[in-house]
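What follows is one structure encoded as structure tokens, with my remarks underneath.
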Amino acid sequence: MTTLELQIQTLPENPGVYQYYDKENKILYVGKAKNLKKRVQSYFTKNHENYKTAVLVKKIVTIKHIVVPTETDALLLENNLIKTLQPRYNVLLRDDKTYPWICIKKEAFPRVFTTRKMIKDGSEYFGPYTSFKTVNTLLELIRELYPLRTCNFDLSVANIRAEKYKVCLEYHIGNCKGGCEGYETKEKYQKQITAIREILKGNFKESLKDFKNHMKLLASEMKFEEAQKIKDKIEVLENYQAKSTIINPKITNIDVFSIISDETMAYVNFLQISHGAIIRSHTLELKKKLDETNQELLELAIVEIRARFFLTSTEIVAPFEIDLGDKIKITVPKLGDKKEILNLSERNAKYYRLDQLKQIKIVDPDRHTNRIMAQMQKDLRLSVEPRHIECFDNSNIQGTNPVSACVVFKDGKASKKDYRHFNIKTVEGPNDFASMEEVVYRRYKRLLDEKESLPQLIIIDGGKGQLSSALKSLEDLGLRGKIAIIGIAKRLEELFYPDDPIPLYLDKKSETLKIIQQLRNEAHRFGITHHRDKRSKLALNSSVDSIPGIGEKTMITLISHFKSVKRLKEATESEISSVIGLSKAKKISDFYKKE
């Protein structure tokens, strides 16, 4: 498998932007995708009729990607990267052909309008928006609920006092409150702007109450058509998420760094923000030599990345405090827009790590196994790696035919040839604790007698009671302390240790917990299967033993056809004869009639 095929195979199935590079690491193409893996794969599985596309595919050596929350974010990010990187095979996007923004102008009585150009005069810009329909809906709703001025007069205090301006038609038809002649105070106008600002940010919970009151007022005045229009626009607003995590004009000229690490590796993602947009993303892979902390690794990575890309920004957004000298400001956001971008960086670091792990699993399975085992040893606080794990589960559905199952995992994978079933011999009735004590004793007594290898970890499917029972058997065999043993409770995935009343809770997404859950589920499946087989065999044997002249094969054929002994008893002689012939059918029919 080539490196390129490996990169394609391990791409995530998420929205994002992909970048193609040639052998000289020059950017060839930037594209967006709803599903990165499917979109990129399509380039390499189709016969391209377009000559330029065919040439592009031949030149691709490396694929990079950036994961984003939504398709809209992917569209906006693609637009920015094309303008910044200007790839050879992309359509050239000119700066005057950009997406629209909604501007709150920095003025005494701010205007609210749509624009394609950002002017750095202190005004606020929201967006960009990929749909003019959304922009127009927002502006219409705002203008209907908040009377705002549309003129571009300089409404300074001096000009208003000098009576320089007169109210226009907009005032007379109710679209403006006449701030130009002092009919509306600046403070009251600014309250409206504050509410509009929250709407554009997507925080319109409080404003919605005012909108709904306005709608009810119109309805009470029998203005049902107007009320319906307000209702329709409120629904559009409620379903729209205005804020974008990709572009924000307030965040400019900063570098964002995040780190994800495991036992052996660390992955540092970097996003460069310039003029309110992401213009570069890069993930650096660091191999741990000693027990370095995330803080040490991140500081090292930031110095390396800043030197590599000639970065000169004076503000860095990071997940925790780091020391890079007095000239660089470190921001650790807890909420807001910077926190959103930091979350995006962390998400990309996680996906990069997953891609690398998928590739390692394919190319170097031994390294993958070693990493998993080292992680399990750390997570479960074991003295050795759990290369050989055994898990026990009891099954006694409705208290009948109690059985137990033991499944075996070696190097994190199921070893089905080593699975074992146990029929409970010394316990009468349903007693999980006594049954667990019996099967654990029998299992390891036999391994000791046959001088077979013992596991490094035993998992008991159950809580403290089953764990104590299993521990008693290990003690009787002289194995307590020689084999690690834990219990897993079904409800909350609690892990119990001997002599420790406080359970251990693992991260729900951790690989260690996933392997333990696989073991538990496999033990349950294996035990239930054996239990069903045992019940079926007992039912079959009771029927076979009691009908003279009918053998086991005939009964198996009948049970397979009728699905149960009960249905067989209820079947007519002709129905039975259609399966096994007249003479045998008569014997069975006569037998059940006598019963």
Side-chain angles (χ1 to χ4, degrees), residues 372-395 402-422 424 427 431-490 493-506 510-527 530:
I372 293 285
M373 291 297 104
Q375 190 68 43
M376 287 192 75
Q377 181 184 349
K378 181 183 177 185
D379 290 345
L380 298 175
R381 306 179 302 199
L382 304 176
S383 58
V384 294
E385 292 181 352
R387 294 280 174 171
H388 178 174
I389 308 173
E390 297 191 353
C391 181
F392 292 86
D393 180 43
N394 292 332
S395 296
V403 296
S404 190
C406 170
V407 299
V408 180
F409 271 36
K410 291 184 176 177
D411 290 333
K413 295 177 183 177
S415 178
K416 294 194 175 183
K417 66 183 178 65
D418 295 312
Y419 285 15
R420 293 293 182 270
H421 283 133
F422 296 89
I424 305 302
V427 181
N431 186 331
D432 274 353
F433 300 152
S435 297
M436 187 62 73
E437 186 178 338
E438 178 190 322
V439 296
V440 170
Y441 184 87
R442 284 168 55 190
R443 170 64 174 166
Y444 298 112
K445 177 73 166 64
R446 181 161 186 167
L447 290 184
L448 288 170
D449 291 344
E450 295 177 357
K451 296 182 179 178
E452 293 287 337
S453 61
L454 295 169
Q456 286 88 34
L457 174 64
I458 298 169
I459 297 174
I460 304 300
D461 184 9
K464 295 178 182 177
Q466 284 95 330
L467 180 62
S468 297
S469 300
L471 199 63
K472 186 175 183 300
S473 293
L474 291 183
E475 197 164 356
D476 292 343
L477 293 167
L479 294 175
R480 180 164 182 169
K482 295 181 180 179
I483 305 175
I485 182 168
I486 60 174
I488 178 169
K490 288 183 172 68
E493 309 293 27
E494 298 167 316
L495 299 181
F496 290 98
Y497 286 74
D499 305 321
D500 190 346
I502 301 172
L504 172 70
Y505 295 93
L506 293 177
S510 74
E511 290 173 300
T512 299
L513 183 59
K514 285 179 182 177
I515 289 176
I516 291 173
Q517 288 170 333
Q518 284 175 4
L519 272 154
R520 191 260 311 277
N521 295 341
E522 185 69 354
H524 186 65
R525 179 200 65 79
F526 192 55
H530 178 51

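What you see below is based on every heavy atom in this structure, not just the backbone, and it leaves out hydrogens, waters and symmetry mates.
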| remark: Output for pair (K464 NZ, E494 CD), nearest 0.5 Å, gives 8.5 Å
| request: Fit a plane to each ring of F422 and F392, take the angle between them on a 0 to 90° scale, and name the class: parallel (under 30°), tilted (30 to 60°) or perpendicular (over 60°). | output: tilted
| message | To the nearest 0.5 Å, what is the distance between CD1 on I483 and CG on L382? | response | 12.5 Å
| Distance, nearest 0.5 Å, that separates CG of L380 from CG of L495 | 6.5 Å
| task | Carefully, step by step, assess K482 and L454 under the rule side chain to side chain contact (heavy atoms under 4.5 Å, CB included). | result | CA-CA 9 Å; K482 295 181 180 179; L454 295 169; over 6 Å; no
| Which heavy-atom pair separates N394 from S404 by the least distance, and what is that distance? | OD1-OG, 3.0 Å
| request: Could you tell me the separation between the CG atom of D476 and the OH atom of Y441, rounded to the nearest 0.5 Å? | output: 6.5 Å
| request: Find the distance between CE (M436) and OG (S469) and round it off to the nearest 0.5 Å. | output: 8.0 Å
| message | The test is side chain to side chain contact (heavy atoms under 4.5 Å, CB included); show your working for R420 and E390 and say whether it passes. | response | CA-CA 10 Å; R420 293 293 182 270; E390 297 191 353; over 6 Å; no
| query | If every non-hydrogen atom of M376 is compared with every non-hydrogen atom of P386, which pair is closest and at what distance? | reply | CB-CG, 3.8 Å
| task | Tell me, with the steps shown, if D379 and Q375 meet side-chain hydrogen bond (donor to acceptor under 3.5 Å, both in side chains). | result | CA-CA 6 Å; D379 290 345; Q375 190 68 43; 3.2 Å; yes
| Closest approach of G487 and L467, non-hydrogen atoms and distance? | N-CD1, 3.8 Å
| task | Take R387 and M373, measure what side chain to side chain contact (heavy atoms under 4.5 Å, CB included) needs, and give me the verdict at the end. | result | CA-CA 7 Å; R387 294 280 174 171; M373 291 297 104; 3.6 Å; yes
| query | Do K514 and E511 sit within salt-bridge range, that is, some charged N less than 4.0 Å from a carboxylate O? | reply | no
| message | Walk me through whether D449 and K445 qualify under side chain to side chain contact (heavy atoms under 4.5 Å, CB included). | response | CA-CA 6 Å; D449 291 344; K445 177 73 166 64; 2.9 Å; yes
| Minimum heavy-atom separation for P498 to R480, with atom names? | CB-NH2, 4.4 Å
| request: Please determine which of I459, D393, L457, V408 meets the side chain to side chain contact (heavy atoms under 4.5 Å, CB included) test together with L519. | output: I459
| Over all atoms of both residues, closest heavy-atom pair of F496 and P503 | CE2-CB, 3.8 Å
| Looking at S473 and V440, what are the two nearest heavy atoms and their distance? | CB-CG1, 3.9 Å
| task | Find the distance between CD1 (I515) and SG (C391) and round it off to the nearest 0.5 Å. | result | 13.0 Å
